[in-house]
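Hydrogens, waters and symmetry mates are skipped; everything else that's a heavy atom, side chains included, is used.
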Amino acid sequence: MSRRQNYSNEFKINIGTIIFIIIFIYVFIRIIMSMQKESLSIYEVQNSYIDTNISTTALIVREEKLVNAESSGYVSYYVRDGEKIGKNKTIYTVDETGSVYEKLKDTDADALSMSEDALTEVRTRISTFENYFDYSNYSDLYNFRYDIENAVLELTNEALIEQLTSLDDDTTNISTYKKVATTEAGIITYYEDGYEDFNINKFKASDIDKSNYKKKTLKTGEIINAGEPVYKLVTSENWYLIAPVSEKEAKSLKDKEKVQINIHNSSKNISCSFRLTTEDDKNFIILSLNQQMVNYINERYIDIVILMDQNNGLKIPNTSITEKTVYKIPVSYLSKGSDSTEKQFLNIKKLDDKGEVTIKQVQAAIYKSDDKFCYVDPNDFSAEDILVNTDSDETLALSQADTSKLQGVFCVNQGVAAFRYIDILYQDDEYTIVKTDVDYSIAWYDRIVLNQSMVEENQIIK
């Protein structure tokens, strides 16, 4: 009798243990599942701005050419770097033997006096500047200063030559001291870098690479040999900038005719035309300019910013964006309700139980509207429904109506995942900027589903 009781107790203990194990396993599995399941997150829409300006380094291309020395000797320059010079104006002198060069170094230039004609020329230049100076172009003052300094330098050198000529010195041969004039007008600079004959219509991607750039000055202070470059002449105010752009940047520029650019954080932006080209499977923009070239006469590469459209709007994550197919209905089919002044109803032709035609009004869920069409939720209708235009008696079978795909998000302000249309301004890899104040769309502080793949439209959000 006691042995049976022991067996019974052992059996009860085993059943209880089994039940406990089953419950433990169930709870453990539920915990694991809940840990693995992604929680539904809500994102609050914020106002934001995304900078889409294109920052890049551009190659400068000008109409420029090197001018070679006609004879060897010591060179003394009359014109400052970056100064404009007219045709047949003295730009430098060359001393073939060096005797005048040495004599000039020993001469007291301060003791020289200029002729009355020379002084008159300087006074004339000052008077002309006073008459035409405009305070809005203050930079002209610097150009005037250089112009006067160059004039005085040239006149002083002439006085030096006259003084040297009067000297009875067998060691000084004035006939070997020559003035050299320009053959055409332009802007003077004194370096070479191999880009003087650059062709903007035929170049390689490697030509725009700054890493291998080398620049050589022409003002060495040493003897220049005949046939060697002595100065560079820029003959046009027109110039070009060639800069690499990404595929995405090239697409954003494609539909534009002109752009605004900023150079070296300048206070003034420049408007210019451009064209896009592809070389060696890389995209480049070629900008055409006709101002401010002289400001960058000594530079071959400059940092620029291409100013794009400002994208102020509502910032949303890309994971929130979904797509919905809707009916595209002419706005002429919209009508007012019996107790409404807004046209937000569609009239549907129906047959009653007696077979007579009746009109049923349905308040459409409009996602988007423009001057021609409204875009409505197809779930509010049956594919067999026929719309009636009460103003013209025209009909439209929804089975033949056009459809359109709209991008949008699920808004959960009311606790239900409601589709809202978005008008995209800009999009990068993570976020999208959409227009504000768009009818039927989202607004600042709206709450939207962070990951649209986790919900369905009209799902109740707890």
Side-chain angles (χ1 to χ4, degrees), residues 56-67 77-92 125 128-129 131-151 181-203 207-208 213 215 218-219 229-243 257-275 277 284-307:
T56 184
T57 299
L59 172 76
I60 299 177
V61 180
R62 296 173 283 255
E63 294 182 23
E64 54 191 277
K65 60 181 180 180
L66 292 170
V67 179
Y77 292 99
Y78 275 52
V79 181
R80 288 179 178 268
D81 199 343
E83 290 301 303
K84 294 181 180 180
I85 190 171
K87 184 179 179 181
N88 296 325
K89 295 293 183 178
T90 301
I91 181 170
Y92 69 93
R125 294 194 185 194
T128 301
F129 175 78
N131 292 332
Y132 293 98
F133 176 66
D134 184 354
Y135 284 96
S136 62
N137 296 319
Y138 192 76
S139 60
D140 289 345
L141 185 61
Y142 295 98
N143 295 332
F144 169 70
R145 171 193 167 189
Y146 295 141
D147 182 44
I148 293 299
E149 287 180 350
N150 290 334
T182 56
T183 57
E184 56 184 310
I187 301 172
I188 299 299
T189 187
Y190 300 103
Y191 73 93
E192 62 174 322
D193 57 8
Y195 283 87
E196 286 76 20
D197 297 319
F198 191 85
N199 188 346
I200 62 171
N201 298 313
K202 187 179 181 181
F203 65 91
D207 294 334
I208 315 300
Y213 178 68
K215 181 178 179 180
L218 300 177
K219 278 187 173 182
V230 65
Y231 68 91
K232 187 187 327 189
L233 188 67
V234 180
T235 57
S236 174
E237 293 281 355
N238 297 322
W239 55 308
Y240 303 91
L241 297 176
I242 305 177
E257 294 182 357
K258 287 190 172 185
V259 291
Q260 292 266 336
I261 68 169
N262 185 276
I263 302 175
H264 283 331
N265 294 319
S266 170
S267 60
K268 181 180 179 182
N269 299 328
I270 304 175
S271 177
C272 56
S273 58
F274 71 95
R275 64 182 175 90
T277 185
F284 293 91
I285 183 173
I286 302 178
L287 300 150
S288 302
L289 301 92
N290 57 13
Q291 57 178 297
Q292 298 192 24
M293 183 272 295
V294 70
N295 295 340
Y296 311 100
I297 192 72
N298 285 309
E299 299 184 69
R300 184 60 69 182
Y301 290 91
I302 54 174
D303 294 328
I304 66 171
V305 177
I306 303 173
L307 305 174

Identify each donor-acceptor pair in which a side-chain atom of residues 185-194 lies under 3.5 Å from a protein atom, sequence neighbours left out, and give them as a table.
{"unit_1": "Thr189", "atom_1": "OG1", "unit_2": "Asp81", "atom_2": "OD1", "d": "2.9"}
{"unit_1": "Thr189", "atom_1": "OG1", "unit_2": "Asn298", "atom_2": "OD1", "d": "2.9"}
{"unit_1": "Tyr190", "atom_1": "OH", "unit_2": "Val79", "atom_2": "O", "d": "2.7"}
{"unit_1": "Tyr191", "atom_1": "OH", "unit_2": "Arg62", "atom_2": "NH2", "d": "2.8"}
{"unit_1": "Tyr191", "atom_1": "OH", "unit_2": "Ile297", "atom_2": "O", "d": "3.0"}
{"unit_1": "Asp193", "atom_1": "OD1", "unit_2": "Tyr195", "atom_2": "N", "d": "3.0"}
{"unit_1": "Asp193", "atom_1": "OD1", "unit_2": "Arg300", "atom_2": "NH2", "d": "3.1"}
{"unit_1": "Asp193", "atom_1": "OD2", "unit_2": "Tyr213", "atom_2": "OH", "d": "2.5"}
{"unit_1": "Asp193", "atom_1": "OD2", "unit_2": "Arg300", "atom_2": "NE", "d": "2.7"}
{"unit_1": "Asp193", "atom_1": "OD2", "unit_2": "Arg300", "atom_2": "NH2", "d": "3.2"}

* Run the numbers on Tyr77 and Val230 for side-chain contact (heavy atoms from CB on, under 4.5 Å), then give the verdict. => CA-CA 10 Å; Tyr77 292 99; Val230 65; 3.4 Å; yes
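- With sequence neighbours left out, Lys215 forms a salt bridge (charged side-chain N to carboxylate O under 4.0 Å, His left out) with no residue at all.
- Under the side-chain contact (heavy atoms from CB on, under 4.5 Å) criterion, Thr182 pairs with Ile85, Lys89, Ile91, Tyr231, not counting sequence neighbours.
- A search for side-chain hydrogen bond (donor to acceptor under 3.5 Å, both in side chains) contacts involving Ser273 returns nothing, not counting sequence neighbours.
- In Asp197, the CG atom is not crowded: 12 or fewer heavy atoms of neighbouring residues, nucleotides or ligands sit closer than 6.0 Å.
- Rounding to the nearest 0.5 Å gives a distance of 8.0 Å between CD of Gln260 and SG of Cys272.
- Taking the side-chain hydrogen bond (donor to acceptor under 3.5 Å, both in side chains) definition, one finds that Asn269 meets it with Asn262, sequence neighbours left out.
- Tyr240 OH to Leu59 CG: the interatomic distance, rounded to the nearest 0.5 Å, is 13.5 Å.
- A search for salt bridge (charged side-chain N to carboxylate O under 4.0 Å, His left out) contacts involving Glu237 returns Lys84, not counting sequence neighbours.
- Shown here are the side-chain contact (heavy atoms from CB on, under 4.5 Å) partners of Asn199, two or more places apart in sequence or in another chain: Asn201, Lys202.
- For Glu299, there are no salt bridge (charged side-chain N to carboxylate O under 4.0 Å, His left out) partners at least two apart in sequence or on another chain.
- Applying the side-chain contact (heavy atoms from CB on, under 4.5 Å) test to Gln292 and every residue at least two apart in sequence or in another chain returns Lys268, Ile270, Asn295, Tyr296.
- Qualifying side-chain contact (heavy atoms from CB on, under 4.5 Å) partners for Lys87, counting only residues two or more places apart in sequence or in other chains: none.
- Residues forming a side-chain hydrogen bond (donor to acceptor under 3.5 Å, both in side chains) with Glu184 (at least two apart in sequence, or on another chain): Lys65.
- Remark: Phe284 pairs with Phe203 by the ring-ring contact (aromatic ring centres under 6.0 Å, His included) rule, at least two apart or across chains.
- Atom CG of Leu289 and atom CD1 of Ile304 lie 8.5 Å apart (nearest 0.5 Å).
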